[in-house]
Amino acid sequence: MFESKSRRRAYVQRMLCTMIGGVMLLLGCSPASTGGTPNAPVASAPDQPKTQKVLTIALQADREPPSPAMFGSPGGGTGTGSGSSSLEPFYVFHSTLTTYDPSGTAIPVMAQKIPSLQDGDWKLPPEGGMEVTWKLKPGILWHDGTPLTTADLILGYQLNTDPELSSIPGELANITNLKALDDQTLVVTWKTVSIAGGVSGYDGIAAAPKHIFGDMYAAGDKTALQNSPYWSTQFVGLGPYRLTQWSRGSFIEGTAFDQYFGGRPKIDRVVLKFLGDVNAIVANMLSGDVDMIPLGAQLDAQPLSVVRDAWIPTNGGTTGAVAKGVRSLYLQFKDPSAPWAQDLRVRQAMLHALDRDSIVDNLEADLTQRADFFAPIGDPVLNQATSQALPQYKFDLTRVAQLMGEAGWTKGADGTFRNAAGQPFSIAVATSNEG
């Protein structure tokens, strides 16, 4: 994933990966063995049908993707669902060169390692740009059993940057060339210098099956390529699950891929269930028809608190609030002549007047924490800001009055601040229903 274009996207992706991977591991653990009678003779038991472990994940119906991986597919662009906020289908059925661990550190997935300047596989030529070398792990197979090679990554890059198929996403526009040294070694040439060189996730250099599309794309048959059922019901990917059934408007089902390079998943089957709205998702969770509401479902605090308050005491489940990003107010200073606009003390007072703890308690159902900086919870930037003891403007009406007084504004009996000329302190605040 080319995270440099959006810290928020990087944060969402790494939290989503952690949630999916952690829950799958937890629910997929083998049950403890039961003890028998000591010294009892061992008898051959008839074969018993294995009880499959099934994980059902709920998402809103409007987040059903056109394809688990959309490089070069109808609609264009990489990612899934609405924008790229619903990444569960991608990570269930496909794979990437790198991802993030919960601390925000890039880690290899299909790549043997993260390239680095110290190791020499990330170079900065004197003429500018970058040259990054990726080595694939051995034994990676497509779901139809075909080995993955660097030719698949080159084709994926071509599909994802072909203007007749899709728009050029993010940092891919800064890549000038991909060269395969062999089936496992890929050299990527950049025209820019960017931290994105050492990461490549769901919107990075995607792998597309050359054995399926190579001849079709080389012949210029892009209509047939776009109309291929590969993008939907016959998808062939590299992920831990292979697509086995897709009922449009209802669910996508995946079965554990026995030859997955990361080891066979402990959960046998994953069902991505698409429900009408948030209320339907919550109802299905409370009834036990779904096991997990992931980050991609985009639940707000109130429906999540309903699950927390009604479901956990009786079923012992777990909820975890994950910030979608940072929602902030930007003062535009459209009237710079306003008597307060240029005074830092007034702007500081405005921050002190905002009771963010009450907002957390009453509007966010106590599922998050007060935001003192423009960074999501868990982001390394937030940790650094806290450790450096940067100024925090906590709710303090006494400090508000002090700062306003220093700036020449006096609070009257009616609670309104006025300056020496008797002008009332006023601001215009506007918002939209977006986000």
Side-chain angles (χ1 to χ4, degrees), residues 1 59-97 110 140-170 172-173 175 178 180 200-255 257 270-274 296:
M1 176 181 185
L59 292 166
Q60 282 99 324
D62 64 357
R63 297 188 181 275
E64 182 176 7
S67 169
M70 289 177 60
F71 40 83
S73 72
T78 314
T80 58
S82 303
S84 56
S85 60
S86 179
L87 299 175
E88 286 79 9
F90 184 99
Y91 285 108
V92 168
F93 299 113
H94 209 27
S95 192
T96 56
L97 288 174
M110 296 194 305
I140 301 178
L141 299 178
W142 290 93
H143 291 158
D144 60 6
T146 304
L148 171 73
T149 71
T150 48
D152 299 317
L153 292 166
I154 292 175
L155 178 61
Y157 168 77
Q158 291 172 334
L159 296 182
N160 221 356
T161 55
D162 188 326
E164 295 182 27
L165 295 175
S166 60
S167 59
I168 300 176
L172 288 184
I175 293 175
L178 271 68
S200 184
Y202 78 92
D203 59 352
I205 302 170
K210 187 175 181 181
H211 62 285
I212 295 176
F213 288 130
D215 292 341
M216 192 183 303
Y217 185 69
D221 195 353
K222 297 178 183 179
T223 299
L225 188 150
Q226 288 182 304
N227 293 332
S228 171
Y230 162 86
W231 299 115
S232 56
T233 57
Q234 295 181 24
F235 182 77
V236 177
L238 297 162
Y241 293 86
R242 58 182 181 85
L243 194 150
T244 52
Q245 187 176 1
W246 191 338
S247 176
R248 284 288 183 184
S250 182
F251 66 89
I252 306 176
E253 179 182 284
T255 300
F257 182 42
V270 170
V271 179
L272 297 165
K273 191 173 183 179
F274 299 101

>> If I compare all heavy atoms of Ser232 with all of Arg248, which pair ends up nearest, and what's the gap?
In response: CB-NH2, 3.2 Å
> Which pairs count as salt bridge (charged side-chain N to carboxylate O under 4.0 Å, His left out) when at least one residue sits in residues 210-220, sequence neighbours excluded?
Replying inline: none
> Do His94 and Tyr202 come close enough that some side-chain heavy atom pair is under 4.5 Å?
Replying inline: no
> How many angstroms lie between atom CG of Leu141 and atom CG of Leu238, to the nearest 0.5 angstrom?
Replying inline: 9.0 Å
>> Please find the pair of heavy atoms, one from Leu159 and one from Ala208, that lie closest to each other, and give the distance.
In response: CD1-CB, 3.8 Å
>> Please enumerate all residues that pass side-chain contact (heavy atoms from CB on, under 4.5 Å) together with Ala180, with sequence neighbours excluded.
In response: Thr150, Ile154
>> Can you tell me how far apart CG (Asp162) and CG (Leu225) are? Round to the nearest 0.5 Å.
In response: 9.0 Å
> Can Leu59 and Glu64 be said to form a side-chain contact (heavy atoms from CB on, under 4.5 Å), step by step?
Replying inline: CA-CA 8 Å; Leu59 292 166; Glu64 182 176 7; over 6 Å; no
> Is a side-chain donor or acceptor of His211 paired with a backbone partner of Pro147 at a separation under 3.5 angstrom?
Replying inline: no
> Are side-chain heavy atoms of Pro68 and Leu243 found at a separation under 4.5 Å?
Replying inline: yes
>> Counting C-beta onward and ignoring hydrogens, is there a side-chain heavy-atom pair between Leu172 and Ile175 closer than 4.5 Å?
In response: yes
> Which distance, rounded to the nearest 0.5 Å, do you find between the OH of Tyr157 and the OG of Ser200?
Replying inline: 12.0 Å
> Any donor-acceptor pair under 3.5 Å linking the side chain of Asn227 with the backbone of Thr223?
Replying inline: yes
> Can you name the residues that form a side chain to side chain donor-acceptor pair (under 3.5 Å) with Lys273, not counting sequence neighbours?
Replying inline: Asn284
> If you measure from CD1 on Ile205 to CG on Asp152, what distance do you get to the nearest 0.5 Å?
Replying inline: 13.0 Å
> How long is the span from the OG atom in Ser247 to the CZ atom in Phe274, to the nearest 0.5 Å?
Replying inline: 10.5 Å
>> Tell me every residue that passes side chain to side chain donor-acceptor pair (under 3.5 Å) with Gln158, counting only those two or more places apart in sequence or in another chain.
In response: none
> Considering residues at least two apart in sequence or located in another chain, which fulfil the side-chain contact (heavy atoms from CB on, under 4.5 Å) criterion with Thr244?
Replying inline: Arg242, Glu253, Thr255
> Phe213: what forms a ring-ring contact (aromatic ring centres under 6.0 Å, His included) with it, not counting sequence neighbours?
Replying inline: Tyr230, Trp231
> Got Thr96 and Met110 here, is their nearest side-chain heavy-atom distance under 4.5 Å?
Replying inline: no
> With sequence neighbours excluded, what pairs up with Ala224 under the side-chain contact (heavy atoms from CB on, under 4.5 Å) test?
Replying inline: Met216, Asp221
>> What I'd like to find out is whether the side chain of Phe93 reaches to under 4.5 Å of the side chain of Leu272, using heavy atoms alone.
In response: yes
> Does a donor on one side chain and an acceptor on the other come within less than 3.5 Å for Trp246 and Gln234?
Replying inline: no
>> Tell me if a side-chain donor or acceptor on His143 pairs with a main-chain N or O of Val236 at a distance below 3.5 Å.
In response: no
> Do you know which two heavy atoms are closest between Gln226 and Glu164, and how far apart they sit?
Replying inline: NE2-O, 4.0 Å
